[in-house]
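The sequence lines fix the lettering, A, B, ..., with proteins before strands; numbering per chain opens at 1.
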Amino acid sequence: MIDLKLIREKTDEVEKALKRRNGNFSTKELVEVDSEQRRIQGEWEALRQRSNQLKDLIPAAQGEERETLKAEAKDVNARAKDLNAQKNELDEKLKALHFALPNVPDASVPDGPDETANVEVHTWGEKPKIDNPKEHWELGPALGVFDFERGVKLAESRFTVLMEMGAKMERALMNFMLDLHSKRGYKEVFPPILVNKECMYGTGQLPKFEGDFYKCADDELYLVPTAEVPVTNLYRDEVIDESNLPIYHCAYTPNFRREAGSAGKDTRGYIRQHQFNKVEIVKFCLPENSEDEHEKLVRDAETVLETLGLAYRRVILCAGDLGFSAKKCFDLEVWFPGQNKYREISSCSNFGDFQARRANLRYRPNEEGKARYMHTLNGSGLAIGRTLAAILENYQQPDGSVKVPDALVPYMNGVTVLKPKA
RNA sequence: GGAGAGGUGGCUGAGUGGUCGAAAGCGGCUUCCUGCUAAGAAGUUAUACGGUCAAAAGCUGUAUCGAGGGUUCGAAUCCCUCCCUCUCCGCCA
C-alpha cells in the first residue's frame, strides 16, 4: 500500500497521481478518517497514562484515599475502554480504505485510459510468412494436441485437455523455461498452490478482487491466480540482511482464475483458461536498484521468446491499464500469425514498496539502522499455454504439421515435428 | 479425525497478580587488555506509533509476552473463545 505518511503530507500529489488510473480512486475519506483516528488515539493515550499512574499510586495509598483513587481509576478505565472501541472501529475503517487504494503510477508511465493507449517500446524478430495461416484452435485438435470438448466435460468451459504431444510440449516448455531462468540466476522454488488470505492481501489481490479467484471456502484457502502470490509472500513478516539482496526466484505453478468479467472474450482456443500453467520470475531488491532490476527482468522474459524464435513486441502500459499493485509495467506481446495480431504473453511489473508494505517485507541495511521496506518485482517468464499456442501458429507448415523450435527439441525427447493425425 | 503438550525479545529459556518490556545464557555491537590466534574485562543490544527538537541524538508518552474478549485499581501470569506448532494414535499419496 501507499505510505500513509506520504498520503498525509503530500495528499495533492498522491491524489493527482491516482487520478491517472482508470477508476475513481481518492484519498479524501482516508485522510479524514486518519486525522480522526489520530485525534481519538491521542485522547485514549492520555487516559491510559493516567490509568498507569493510578495503578502505581494505589498500592501505597491507605484507607479512604485508596478508595478515592480506585474510584477514579474505574472511571478513567471505563472512558478509555470506550475510546478504545472507537479507535478500533476507526482503525478498521482506515485499514479497509488503505488496502483498497492502488499503487501510485510511476512518473515515467504514459497517460491513457486503457490498453489502447499503451505505447510500443520495441519489436523483435521477423513475423513468419505463412499463406493462409491457421489459428491454434484449428491446428491443435488436428494434431491431437488439444481436446476442448473433453475439457468441458471434465470441468466446465475454459478447461482443456492436453493430449499426447500437447501434454509433452507443455511439460517441455515448463522445464525449458525453468532451466533458462535458473541459468540466469533465479533460484527455483515450488510453492503451495493453495494460499491463505494473508498472502492474497500481501500481493494485492485482496480485498479488491475477491470474486476473481477460486476459493476453498471450508478451509479459507485460495487457489493461486499466479505464482507471484506464494513466491512474493515467501519472506512475509521477515527482515532480510541487505547482503542477501537481491533475491531472484523462478517458479512454475498452475494458476486459477475465474475470469469474471471476461465473458465472450477469447472463448475459442487456449488463450484464456480457468486453469493455466505459468513460469514466474520474482525479485526482491533494494529500493535504489528496482529500476535497473526491472529492465533486467524484462530482458530475462524477452530472452525466453527470443530463444524460442517467436516475434514479439514490448509495450509499456499506460496509467489507465496498470495493474492494482504495479507502479510500472511492461507487457510482452507475442505475434500470432493465425489471429494476425500481437497477444499478451508476459507482464513484468515493478511494485516499488507497495507489496512490501502489505506483506511486511523488510531488509536490514548494512550500515545498521532501522529495517526498511524492500522493493518487489515480477514477470511471467512465460505463460506456458499461450507459448504453446504461439508455437503452433508460428511454426505451422503448409502440410498442417508444426515444427518444434530448435531450443525445445532436447526437451521433447528429440521430436522435431508434430504431425497431423491421419 | 482422536489424545496430550506448548506458543515469551535475533536464538535458547526463566517468569503464576503490582517492584516485568520482561532474569539468565548464547549471539550481535562498542571500548579496553593481552603478541598470539582466540581468550578475558566492562558496557551496550526489541519493535511500532506519537510528543519535544531546525534535525539527529537524547528525553518522554502509548502499545506490544500467538490473536481477540473477560475478571481486577492493576494481567506474560487468572477465566473464555479462536488460531498456530509439536508429540503419539488413526487414515493416507
Side-chain angles (χ1 to χ4, degrees), chain A residues 1-10 30-99 190-202 206-207 215-223 230 233-245 253-254 353 356-374:
Chain A
M1 46 201 153
I2 309 172
D3 185 2
L4 194 54
K5 239 182 216 157
L6 189 74
I7 298 176
R8 212 178 273 149
E9 290 163 8
K10 304 200 166 159
L30 178 74
V31 170
E32 283 166 13
V33 174
D34 176 55
S35 83
E36 177 67 1
Q37 192 274 351
R38 280 149 67 83
R39 191 180 64 79
I40 299 284
Q41 172 145 353
E43 283 182 35
W44 172 75
E45 283 186 5
L47 286 173
R48 287 298 306 161
Q49 183 176 3
R50 181 59 186 156
S51 172
N52 285 335
Q53 289 166 354
L54 287 166
K55 86 174 187 201
D56 289 335
L57 292 173
I58 286 169
Q62 299 292 326
E64 202 172 309
E65 191 196 350
R66 188 188 173 99
E67 293 312 310
T68 313
L69 290 175
K70 274 173 101 165
E72 185 189 350
K74 260 191 172 169
D75 175 58
V76 166
N77 287 343
R79 284 194 285 147
K81 194 175 157 185
D82 211 52
L83 277 178
N84 190 43
Q86 286 183 51
K87 182 174 86 73
N88 287 342
E89 212 173 292
L90 288 167
D91 273 344
E92 235 158 81
K93 213 164 153 188
L94 188 70
K95 233 165 112 186
L97 290 166
H98 200 184
F99 270 100
F190 189 52
I193 312 303
L194 291 175
V195 295
N196 55 35
K197 67 173 184 303
E198 284 76 14
C199 289
M200 297 291 272
Y201 272 88
L206 290 181
K215 183 180 180 183
C216 304
D218 287 346
D219 304 287
E220 283 213 80
L221 292 169
Y222 294 81
L223 279 87
N233 277 279
L234 268 179
Y235 306 108
R236 170 149 50 85
D237 294 321
E238 291 187 31
V239 180
I240 307 287
D241 282 334
E242 176 180 335
S243 57
N244 292 325
L245 295 179
T253 65
D353 63 6
R357 285 179 186 282
R358 294 183 155 238
N360 196 21
L361 299 165
R362 294 177 298 165
Y363 69 95
R364 178 85 54 199
N366 287 336
E367 302 293 316
E368 59 183 89
K370 283 188 181 180
R372 291 204 288 254
Y373 292 111
M374 45 179 104

- Give the nucleotide from the list G74(B), U62(B), U47(B) with an atom nearest to the side chain of R48(A). U62(B)
- When both distances are under 3.5 Å in a Watson-Crick or G-U wobble arrangement, the nucleotide paired with G40(B) is C32(B)
- Between atom CG of D34(A) and atom CG of L94(A), what is the distance when rounded to the nearest 0.5 Å? 5.5 Å
- Query: For G61(B), does either OP1 or OP2 sit under 4.0 Å from a side-chain N or O belonging to N52(A)?
  - Reply: no
- Query: Quantified in whole Å, what is the C1' atom distance between nucleotide U72(B) and nucleotide C79(B)?
  - Reply: 12 Å
- Note on the structure: When rounded to whole Å, the CZ to C1' distance for the pair R236(A) and C84(B) reads 13 Å
- Item | Residues E45(A), R48(A); criterion salt bridge (Lys or Arg N to Asp or Glu O under 4.0 Å); working and verdict | CA-CA 5 Å; E45(A) 283 186 5; R48(A) 287 298 306 161; over 6 Å; no
- C11(B) to U62(B) separation - P atoms, rounded to the nearest Å: 27 Å
- Provide the distance between the two P atoms, one in G9(B) and one in U64(B), to the nearest whole Å. 15 Å
- Quick one: D75(A) CG to C73(B) C1', roughly how many Å, whole number? 12 Å
- Query: Between CG of L57(A) and CZ of R66(A), what distance do you get to the nearest 0.5 Å?
  - Reply: 11.5 Å
- Message: Between U47(B) and G10(B), how many Å separate the two P atoms, rounded to a whole number?
- Response: 8 Å
- Identify the two heavy atoms, one from Y363(A) and one from V239(A), that lie closest to each other, and give their separation to 0.1 Å. C-CG1, 3.9 Å
- Item | Rounded distance (Å) that lies between atom C1' of G50(B) and atom CZ of R39(A) | 16 Å
- Could you please name the option among C73(B), G69(B), G61(B) that lies closest to any side-chain atom of R66(A)? C73(B)
- Task: Write down the partner of G58(B) under the Watson-Crick or G-U wobble criteria, each distance required to be under 3.5 Å.
- Result: U52(B)
- Task: Report the distance from atom NZ of K197(A) to atom P of C84(B), rounded to the nearest whole Å.
- Result: 10 Å
- Measure from the side-chain heavy atoms of R362(A) and tell me the nearest of G61(B), A48(B), C73(B). A48(B)
- Where the side chain of P59(A) is concerned, which of U62(B), A48(B), G18(B) is the nearest nucleotide? G18(B)
- Send over the distance from E238(A) CD to U47(B) P, rounded to a whole Å. 17 Å
- Message: Between C83(B) and G68(B), how far apart are the two P atoms, rounded to whole Å?
- Response: 15 Å
- Message: Side-chain N or O of R38(A) versus OP1/OP2 of C49(B): is the shortest distance under 4.0 Å?
- Response: no
- Item | Taking every non-hydrogen atom, the tightest pair across L90(A) and E36(A) | CD1-CG, 3.7 Å
- Query: Which comes earlier along RNA chain B counting from the 5' end, the contact point of D56(A) or that of R50(A), where each point is its nearest nucleotide?
  - Reply: D56(A)
- Task: In whole angstrom, give the distance that lies between atom CD of E198(A) and atom P of G66(B).
- Result: 18 Å
- Message: Using Watson-Crick or G-U wobble geometry with both distances under 3.5 Å, which nucleotide pairs with U19(B)?
- Response: none
- Between A5(B) and U60(B), how far is it from one P atom to the other, in whole Å? 44 Å
- Interatomic distance at C1', A75(B) relative to G69(B), whole Å: 14 Å
- Message: Classify R357(A) by what it touches in the nucleic acid, base, sugar-phosphate, or nothing, heavy-atom distance under 4.0 Å.
- Response: nothing
- Tell which nucleotide pairs with U77(B), taking only Watson-Crick or G-U wobble pairs whose two distances are both under 3.5 angstrom. none
- Task: With a 3.5 angstrom cut-off on both distances, give the Watson-Crick or G-U wobble partner of U12(B), or none if there isn't one.
- Result: A24(B)
- Who does C84(B) pair with, Watson-Crick or G-U, both distances under 3.5 Å? G6(B)
- Could you let me know what U71(B) is paired to, Watson-Crick or G-U wobble, both distances under 3.5 Å, or none if it's on its own? none
- Message: Checking base pairs now: Watson-Crick or wobble, both atom distances under 3.5 Å. What partners U47(B)?
- Response: A63(B)
- Test R50(A) against E72(A) for salt bridge (Lys or Arg N to Asp or Glu O under 4.0 Å), laying out the working first. CA-CA 10 Å; R50(A) 181 59 186 156; E72(A) 185 189 350; 2.8 Å; yes
- Atom-pair distance (CD on E72(A); P on U72(B)), nearest Å: 18 Å
- When you compare C26(B) with G13(B), how far apart are their P atoms, in angstrom units rounded to a whole number? 15 Å
- Item | Position toward the 5' end of RNA chain B (nearest nucleotide), K81(A) or W44(A) | W44(A)
- Task: Measure the spacing between CG of L361(A) and OH of Y373(A) and express it to the nearest 0.5 Å.
- Result: 9.5 Å
- For G18(B), does OP1 or OP2 lie under 4.0 Å from any side-chain N or O of K55(A)? no
- Which part of the nucleic acid does I58(A) contact within heavy-atom distance under 4.0 Å: base, sugar-phosphate only, or nothing? base
- Message: Just the rounded figure in Å: distance from C1' of A67(B) to NZ of K95(A).
- Response: 11 Å
- Shortest non-hydrogen contact from I58(A) toward A73(A): CD1-CB, 4.2 Å
